[in-house]
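What follows is a set of notes on a single structure, which appears directly below.
Below, read A as the first sequence line, B as the second, and so on, with proteins coming before strands; counting in each chain starts at 1. For the numbers below, each heavy atom of this structure counts, side chains included, while hydrogens, waters and symmetry mates do not.
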There are 2 protein chains.
Amino acid sequence: MLSDTRSAILTAAERLYAARGFADVTLRDIVAEANVNLAAVNYHFGSKDELITELFVSRSLATNRERLNELKAAEAAGGGRAPIDQVLRALVGPTLRGCLGPDEQRSDAARFMIRASVEAIAPIHKIRNREIDHLRKFAAAMRRSLASVDEVEIYWGLHFALAMAHQTIRDSERLQKLSEGRCDLDDVDGVIDRVVAVAATALGAAAKADKPAARRGR
Amino acid sequence: MLSDTRSAILTAAERLYAARGFADVTLRDIVAEANVNLAAVNYHFGSKDELITELFVSRSLATNRERLNELKAAEAAGGGRAPIDQVLRALVGPTLRGCLGPDEQRSDAARFMIRASVEAIAPIHKIRNREIDHLRKFAAAMRRSLASVDEVEIYWGLHFALAMAHQTIRDSERLQKLSEGRCDLDDVDGVIDRVVAVAATALGAAAKADKPAARRGR
DNA sequence: GATGGTTTCATACAAGTGTTTGAATTGCAA
DNA sequence: TTGCAATTCAAACACTTGTATGAAACCATC
């Protein structure tokens with residue numbers, strides 16, 4: 001049976017890290033949010049780093065599971081091979097849905113994971129290699145979907161898709177200001193469509209030529 | 001005449017922040033790197049935050065100047081209007097060149113700016129609005145280049161171009177591992193070509209339809 | 001109801017942080 | 001050289017951080 005205090009700490013830490021980042025959230029902030037005693041953190045987790053590690057591992061597994069579920073559903077519907085846009089959608093959809101859109105729909109877990117992937121925090125950096133194994137599954141699905149595309153292009157496409165999704169979450173405020181509100185970031189499905197469309201187009205172009213567009217102007 | 005100590009502090013801070021991020025670089029680290037006394041920072045800058053602010057403003061102006069120079073050169077050659085790929089190249093080229101490629105070619109300034117744009121550090125967050133004015137100039141150049149493209153698509157294209165460039169810098173290690181070295185990140189011009197090509201393709205597709213590619217699979 | 005392990009609590013601790021201080025040192029003009 | 005402002009320096013300051021301690025409270029089991 002999991003201690004009540006234990007999960008209260010995890011939830012509070014997740015919420016605070018998601019909202020304010022790792023830099024200026026202290027153990028005292030966390031225990032205040034969780035309404036528990038300061039010493040409870042070290043009692044239940046051993047140290048602050050171990051708390052962060054456990055939180056990251058737990059949320060990382062959950063996110064990966066969600067993405068793989070979407071992927072498997074898409075591939076099952078297509079007889080073991082899903083259209084590239086559905087593969088990409090499974091990759092970027094869960095995180096985008098968890099970070100954008102109406103407040104009540106956002107998840108602290110998704111925003112925590114974004115912070116964790118961006119801020120170079122010591123305990124997380126050591127574990128992050130596991131994410132590569134997870135991404136490899138998507139690279140494999142993309143190759144099944146686009147058999148004629150060179151493997152290198154697959155990696156670049158996957159990388160760019162994640163880049164666009166990630167940065168859209170992180171810099172949504174800047175894009176709003178820059179476009180003076182004309183870019184609608186509350187239309188989460190629209191954003192997902194855009195990211196998927198651009199990445200799929202890039203991969204589609206790669207299917208027709210081994211090299212990207214001709215270089216000019218150097 | 002600028003004090004020797006003053007610029008030594010700026011240089012040391014830039015190098016350390018570029019290499020290790022803001023989180024775990026202390027004033028004592030900086031003064032050790034600069035070979036000056038601890039109190040020199042507060043004497044010359046007033047506070048740590050003011051040091052960071054001055055550093056960010058200075059490097060930000062330099063980066064923006066470099067990008068605008070490339071843009072103006074391209075537009076001058078085209079009679080006030082540059083091809084979209086050259087506009088995009090002026091936007092992402094300087095930073096990518098300063099952050100990727102051979103060590104001796106990298107600039108602490110470029111890597112410092114990446115850190116500054118990623119890590120939510122208080123003194124910088126207040127100034128970062130100025131970057132929007134700078135990006136607006138590129139949005140305007142893109143509209144001159146692609147008169148038929150809807151304004152919203154311009155913003156999305158600019159945003160995605162920066163996203164791909166940024167993330168490629170930040171996650172170059174992951175991409176290397178994921179692709180087992182098959183994605184050549186030392187070929188800086190090749191990377192720039194890829195980013196520019198994908199962004200330009202996305203904008204080109206937008207020129208043919210008001211909406212991005214049809215939505216599927218919801 | 002007593003017992004003993006588990007959990008909570010107030011408090012203290014050592015280490016590290018940015019900042020301040022006041023005395024030394026420097027550099028330059030009179 | 002003398003005088004004075006600008007700069008450097010070692011030391012200390014006030015504060016915050018994560019962690020450790022030992023007593024108190026809790027709680028199921030006998």
Side-chain angles (χ1 to χ4, degrees), chain A residues 1-58 112 115-116 119-127, chain B residues 1-58 112 115-116 119-127:
Chain A
M1 177 65 184
L2 278 182
S3 154
D4 205 21
T5 302
R6 215 185 130 84
S7 61
I9 292 174
L10 282 171
T11 304
E14 177 181 52
R15 171 157 48 239
L16 290 181
Y17 284 141
R20 307 190 345 219
F22 291 91
D24 56 19
V25 172
T26 72
L27 283 189
R28 284 168 177 81
D29 294 332
I30 294 173
V31 298
E33 175 87 9
N35 277 312
V36 302
N37 187 271
L38 173 61
V41 173
N42 286 276
Y43 177 78
H44 284 283
F45 297 93
S47 70
K48 184 189 189 184
D49 278 8
E50 289 173 86
L51 162 63
I52 294 179
T53 299
E54 174 162 338
L55 191 54
F56 178 75
V57 169
S58 150
F112 168 82
R115 297 279 196 186
E119 296 176 28
I121 208 71
I124 288 179
H125 198 266
K126 297 174 182 172
I127 326 173
Chain B
M1 176 63 185
L2 278 182
S3 153
D4 205 21
T5 302
R6 214 184 131 83
S7 61
I9 291 174
L10 282 170
T11 305
E14 177 180 52
R15 171 159 45 241
L16 290 182
Y17 284 139
R20 297 172 15 200
F22 292 91
D24 57 20
V25 171
T26 71
L27 284 188
R28 285 168 176 81
D29 293 333
I30 294 173
V31 299
E33 175 87 9
N35 275 313
V36 303
N37 186 272
L38 173 60
V41 172
N42 287 276
Y43 178 79
H44 284 283
F45 297 91
S47 69
K48 185 190 188 185
D49 277 8
E50 290 175 86
L51 162 63
I52 294 179
T53 299
E54 173 161 340
L55 190 54
F56 178 74
V57 170
S58 150
F112 168 82
R115 296 278 197 187
E119 295 176 27
I121 208 71
I124 288 180
H125 199 267
K126 298 175 183 173
I127 326 173

Rounded to whole angstrom units, what separation is found between the CZ atom of B:F45 and the C1' atom of C:dT19?
16 Å
Between D:dT17 atom P and A:N42 atom CG, what is the distance in whole Å?
15 Å
Are any of B:T5's side-chain N or O atoms less than 4.0 Å away from OP1 or OP2 of D:dT7?
no
Separation of D:dT19 atom P from A:I9 atom CD1, nearest Å, is 13 Å
Considering only C:dT8, D:dT19, D:dC9, which nucleotide approaches the side chain of A:S47 most closely?
D:dT19
Can you give me the closest heavy-atom contact between A:V31 and A:V41, atom names plus distance?
CG1-CG2, 3.7 Å
Using whole Å, what does the distance between atom C1' of nucleotide C:dA10 and atom CG of A:L38 come to?
10 Å
Side chain of A:N37 (C-beta onward), nearest among D:dT17, C:dC9, C:dT19
C:dC9
If we only count heavy atoms from C-beta on, is the A:Y17 to A:I30 side-chain gap below 4.5 Å?
yes
Check the distance between C:dT20's P and B:R28's CZ and give it to me in whole angstrom.
13 Å
Close side-chain approach of B:F22 and B:I124, heavy atoms under 4.5 Å
yes
Starting the side chain at C-beta, find the nucleotide from C:dC9, C:dT20, C:dT19 nearest to A:A39.
C:dC9
Please examine the side chains of A:E54 and A:H44, heavy atoms only from C-beta on, and report whether any two atoms are closer than 4.5 Å.
no
With a 4.5 Å heavy-atom cut-off, do A:F112 and A:R15 have their side chains touching?
no
Between C:dT6, C:dG18, D:dT7, which one does the side chain of B:Y43 approach most closely?
D:dT7
With respect to the phosphate group of C:dT8, does any side-chain polar atom (N or O) of A:H44 fall under 4.0 Å of OP1 or OP2?
yes
Measure CD1/A:I30 against P/D:dT17 and give the value in whole Å, please.
11 Å
Grab the NZ-C1' distance between B:K48 and C:dT17 for me, whole Å please.
8 Å
Whole angstrom value for the distance that separates C1' of C:dG18 from CD of B:E50:
13 Å
